[in-house]
Every structure is written in C-alpha cells, then in structure tokens.
Amino acid sequence: MPLLNDLLDFSNHPLMPPPSAQMFAEHLPAEWIQHCLTLSEHATVRRRRLPGDMVIWMVVAMAFFRNEPITDVVRRLNLSADGDAGMNLLARQRLGAAPVEWLFRQTAQTWGAERYHKDDWRGLQLFAVDGAQFRTPDEPELREYYGSANTATERQSAYPVMRLVALMNLGSHVLLDAVTAPYRRSEILLAQSMTASIPDNSVTLFDKLFYSADLLVTLNQQGNNRHWLLPARKNRVAETEESYGSGDRLLKLKVSPQARKKNPSLPENWYARAVTYEINGVEKTVLTSLPADRYKAKEVAELYHSRWEIEVGFRNLKSSLLDNALVLRSRKVDLLEQEVWGMLLAYNLIRREVTKAAEKHKKAPSEMSFKFAFQFIATEMIVLGNTVSPGTIPRRLEHLRGNLEAVFITKRPRPSRPRAVKMSKTRYPVNRHAAPLK
C-alpha cells in the first residue's frame, strides 16, 4: 500500500507529519508545508531538533490542547523528544506568523468556496461576514499594538483587544477568509478587504453594523451575480423609488460625501430593496440587492436568519478551541498572531475532516456538532501520537470517520431567550495613570 509505505518511511521524509497529525496529512499536502516554510524570516536548511514542519504541527496542536503547557503538548503528540520550553519558544519565534497565516489562507481558498447543494439557497451559495474580539494578555507591547476597548482617553479596558473579521461558507462552516487587526480598525474596512474572495452566484449576509454604501455597492458590482443582505438601520434616510407589494419596495439612498471622498467612483445615490416583515408583533426590515422579480419577499425575510450560522462558528472558536479562556496564550505580537492563525487553521482542519465524514454518511457538513467532532479528533490525536506501529494509522483514520457519525445533530438548539450584550469580564476600566495602592 503506498500510504503504508510512506508511513513506514516516515523518518526519511522530513516533511511527513508526525503520527498524531496523520489524520490531516491528506488535507495539508507536503508541498503546502514546504512552501509556507519559505516565508519564515529565519528559514534554514539545517535540520534542527524541532524543525519548521514540526513547529507548524505544534502551533496547530496548541489550538487543540488550549489548557496544557506547550511542552506537554509536544511530548504527548511525539512532535519532539525534547521537552525544553525555551527550545519551543525559540522554534516558534524562528517560524513567525507568516507561514501559519499562508497555510490558513491556502486551506480557505481551496475549501472555502466548495458547494454543498443541500445548503444552497435558490441556486446561490450562502456566505456571511462578521466580526469578533479576542482579549490578549496585558503586556505593554500588546497594549500598544492592539489598543484598548475603552474609548475614554485616560481609561482603558483591563486587557488589550484584537479584532477579527471573517468570511464563512454557511454550507460547510469553513472560513473562506479572515483578517486580524488592532481594536481601533473599522470592521467595515476590514470586510472591504475580503470582498474579492466572495465567489460568484452567491448571497453574503451581514450584521447591521456593516451598513456601508462603499462595501455593499462594491460587492454587488464585483464578479457575477453576487448579492448581499443585512438589517436596515432605523435612522436611514431614503425615498421609495418603486413598490413591489405590501412590505416590499425599492429604496433610493444617498451616498454620503465622506464615502464619495474616500471612493470617488461611488455614485451620488444607490439603490436597495427593502423587505419588511413581522416577528412576534415586532416589525423588522432587511435591505438586499436580490431582485424582486426573481426572489419573493417572504423568502428574503426568512433567509436573513441563516446569518446565525456564523455566530455558531465564532462560538465554536471561543468555547471549544479557546475553552472560554479569558485571554489568548501568547505575550508577543508576532507569537499572538501565530497563535490566532494556528487556531483558525485548526478550525478549518476540523471542518474539513467533518466534511469528509459527512460525505461518507451522505449528510450535510452543517449537520455535525463541532464540539463533539473537536473532542473526538483531539482524543484521536493523542492515540495516534502514542501509536507504536505506523501500520495501525490507516485503520485508526477509518475508525475516526466511521465514528464521527455519532456527532450528527438532527436539530441545532436555538437560544431560549433574546440575545443580549453580555457583561464584560470586568466592569471596572483600568486607569493606566493611577497611582499604585500603598
């Protein structure tokens, strides 16, 4: 068997993943690993005790075992026989963030646009864009780079905050694109940097905070048959250009002078279809570029609720991969970026393995529980890491996908109460200029 021969020759192939990572070998080809390592600022031809390819797997493993010391992760997964914490740190510093980011983007571009017809909407793929925030350790370097979540000049939040904006395929929950930035960066500007990644023949769902003529008009004009949908702002100023029926009309909206100054190619006015509907006696309106002659108002109103799927994805990142941790692990900007890209890469790898299992059982990827798949895969990584005979690995991989059938869900529970803004981990901002207590 070619696979078995490769596994038996593992020691002769420096870019072959360790046994604990063999379940991901088919998803991350050796060519990808080899290319991403060339992006490191400290690339070397010398074979180190913990070489670059093993450091890649170490960074991915950090996302699976969030609460364990990195030295324990390295030992348990047989990434290296040396448990020296200083060596692990130096290895991460040599690697940097760029190779891990490139590897994530490669998975995103390769898997993110795959179609799952069961999850298509009227022949269009569904995507969503949204933002999330991650607290970092309170280190001077991180606070200076990422900034504070508090807007007052003399008062800062207890922890620096990293901003993340992501583009997700709602059929597979695979991330198609993502960008990290300091807290003060606008989510709209970050979303604009991802519009070119959105495939043709699609609908992209946004939260109301992404209301921007520049963003939405550009998305609609780029590519072919690309549409958007988001809730209407209450303070919008618009004229009714045409009525399609009760609660369905075409609006004419003005483009602000500030937006036209930033992008002179924008027109003075832009148009959006407004669909108004009622839920529990409350009237709501969504704006969209979907034409009225092809898509009914009721279908458009119901479609917006699919945006919840990206919230589920962010919940998976924070509750499973981060284990609801208060802050991220790393204490330097480059290592923190490396950690986050490793987490996003691990997320996509789990979703990819889930997709393969779903295909095996003729199910949709969105029907699987991420939490249980994550726990199952993490357990298998430990088992494979302690496997004595490489010949048992193919059988373990077959066992993994066969048993992932147990994590299918028939109905995802919805929130039992209205969504609300959660109280911060601390209600008391930090005054960085206050005198110390005596």
Side-chain angles (χ1 to χ4, degrees), residues 62-64 66 101 104-105 107-108 111-112 119 126-136 146 149 159-183 185-188 190-191 193-194 197-198 204-210 229-231 304-329 336-337 339-352 354-355 365-375 409 412-425:
M62 285 169 52
F64 280 89
R66 175 63 176 78
E101 179 182 354
F104 161 76
R105 295 196 180 282
T107 67
W111 311 331
D119 294 295
L126 296 182
F127 298 92
V129 170
D130 205 356
Q133 299 172 16
F134 297 98
R135 296 179 183 86
T136 79
Y146 290 108
Y159 298 96
V161 179
M162 169 195 281
R163 189 179 292 284
L164 170 77
V165 175
L167 169 65
M168 179 182 288
N169 182 329
L170 298 186
S172 63
H173 285 198
V174 170
L175 295 178
L176 182 60
D177 203 350
V179 59
T180 62
Y183 178 78
R185 289 288 302 276
S186 164
E187 287 190 348
I188 292 177
L190 297 178
S193 69
M194 298 189 292
S197 301
I198 300 174
T204 303
L205 311 180
F206 294 93
D207 183 76
K208 63 182 177 181
L209 296 178
F210 289 89
L229 176 67
L230 83 169
Y304 180 71
H305 299 284
S306 298
R307 199 194 70 83
W308 176 257
E309 298 296 331
I310 193 170
E311 300 283 2
V312 172
F314 283 144
R315 184 190 66 190
N316 294 152
L317 284 170
K318 292 186 175 182
S319 65
S320 294
L321 291 175
L322 286 181
D323 196 27
N324 292 314
L326 178 63
V327 297
L328 296 168
R329 187 195 293 248
L336 194 74
E337 294 283 332
E339 177 186 345
V340 170
W341 290 118
M343 177 181 66
L344 298 181
L345 174 58
Y347 173 88
N348 267 3
L349 285 169
I350 295 171
R351 283 296 178 192
R352 183 60 174 175
V354 162
T355 298
S366 57
E367 296 181 70
M368 298 192 71
S369 165
F370 181 91
K371 176 181 178 181
F372 294 122
F374 159 73
Q375 293 172 342
I409 51 179
R412 179 179 289 116
R414 296 294 180 179
S416 59
R417 58 187 181 277
R419 295 181 63 202
V421 176
K422 295 181 180 179
M423 186 182 73
S424 173
K425 297 287 184 180

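Looking at heavy atoms from C-beta onward, Trp111 lies out of side-chain contact with Asn169 at the 4.5 angstrom threshold. Using a 4.5 Å heavy-atom cutoff, the side chains of Val161 and Thr136 are not in contact. Taking the side chain as every heavy atom from C-beta outward, Val174 and Met168 never approach each other to under 4.5 Å. Side chains of Met62 and Met343 form no contact here, defined as non-hydrogen atoms less than 4.5 Å apart. Using a 4.5 Å cut-off on side-chain heavy atoms (C-beta onward), Arg307 and Asp207 make contact. Phe104 places a side-chain heavy atom less than 4.5 Å from the side chain of Leu344. Contact check for Tyr159 versus Leu326: side-chain heavy atoms found under the 4.5 Å cut-off. Residues Phe134 and Val327 form no side-chain contact, since every pair of their non-hydrogen atoms from C-beta on lies 4.5 Å or further apart.
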Checking Leu175 against Arg105 for the side-chain contact (heavy atoms from CB on, under 4.5 Å) test, could you report, in this order, the C-alpha distance in whole Å, the side-chain angles of both residues, the deciding distance, and whether it holds? CA-CA 9 Å; Leu175 295 178; Arg105 295 196 180 282; over 6 Å; no
side-chain contact (heavy atoms from CB on, under 4.5 Å) between Leu190 and Thr180: does it pass, once the steps are laid out? CA-CA 8 Å; Leu190 297 178; Thr180 62; over 6 Å; no
Is there a side-chain contact (heavy atoms from CB on, under 4.5 Å) between Val165 and Asp130? Walk through the geometry before answering. CA-CA 6 Å; Val165 175; Asp130 205 356; over 6 Å; no
Intermediate values then yes/no, side-chain contact (heavy atoms from CB on, under 4.5 Å), Met162 and Arg135: CA-CA 6 Å; Met162 169 195 281; Arg135 296 179 183 86; over 6 Å; no
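Counting only N and O atoms by type, the side chains of Asn324 and Arg66 include no donor and acceptor under 3.5 Å apart.
With hydrogens and angles disregarded, no donor-acceptor distance shorter than 3.5 Å links the side chain of Asp177 to the backbone of Leu167. No donor-acceptor pair under 3.5 Å is formed between the side chain of Glu187 and the backbone N or O of Phe210.
When all heavy atoms are compared, the tightest approach of Tyr304 to Pro231 is OH-CG, 3.2 Å. Smallest separation of non-hydrogen atoms from Ala63 and Ala346: CB-CB, 3.7 Å. Minimum heavy-atom separation, Gly112 to Phe127: O-CE2, 3.8 Å. Pro182 and Arg163 make their closest contact through O-CB, 3.9 Å (heavy atoms, listed as atom of the first residue, atom of the second, distance). Heavy-atom minimum distance, Ala128 versus Ile310: O-CD1, 3.4 Å. Taking every heavy atom of both residues into account, Val354 and Pro365 meet most closely at CG1-O, 3.9 Å.
Separating the CG atom in Asn348 from the NE2 atom in His173 is a distance of 12.5 Å, to the nearest 0.5 Å. Atom CG of Leu209 is separated from atom CG of Leu230 by 9.5 Å, given to the nearest 0.5 angstrom. Residue Leu170 holds its CG atom at 6.0 Å from CG of Leu205, rounded to the nearest 0.5 Å. Note that CZ of Arg352 and OG of Ser172 are 9.0 Å apart. Values are rounded to the nearest 0.5 Å. Interatomic distance, CZ of Phe314 versus CD of Gln133, reported as 10.5 Å (0.5 Å rounding). Rounded to the nearest 0.5 angstrom, Ile188 CD1 and Ser193 OG are separated by 12.5 Å.
Look at Glu311 and Arg315 and you find no salt bridge, because none of the NZ, NE, NH1 or NH2 atoms lies under 4.0 Å from a carboxylate O. Salt bridge absent: Lys318 and Asp323 never bring a charged side-chain N and a carboxylate O closer than 4.0 Å.
The six-membered or imidazole ring of Phe370 lies near that of Tyr347, with a centre-to-centre distance under 6.0 Å.
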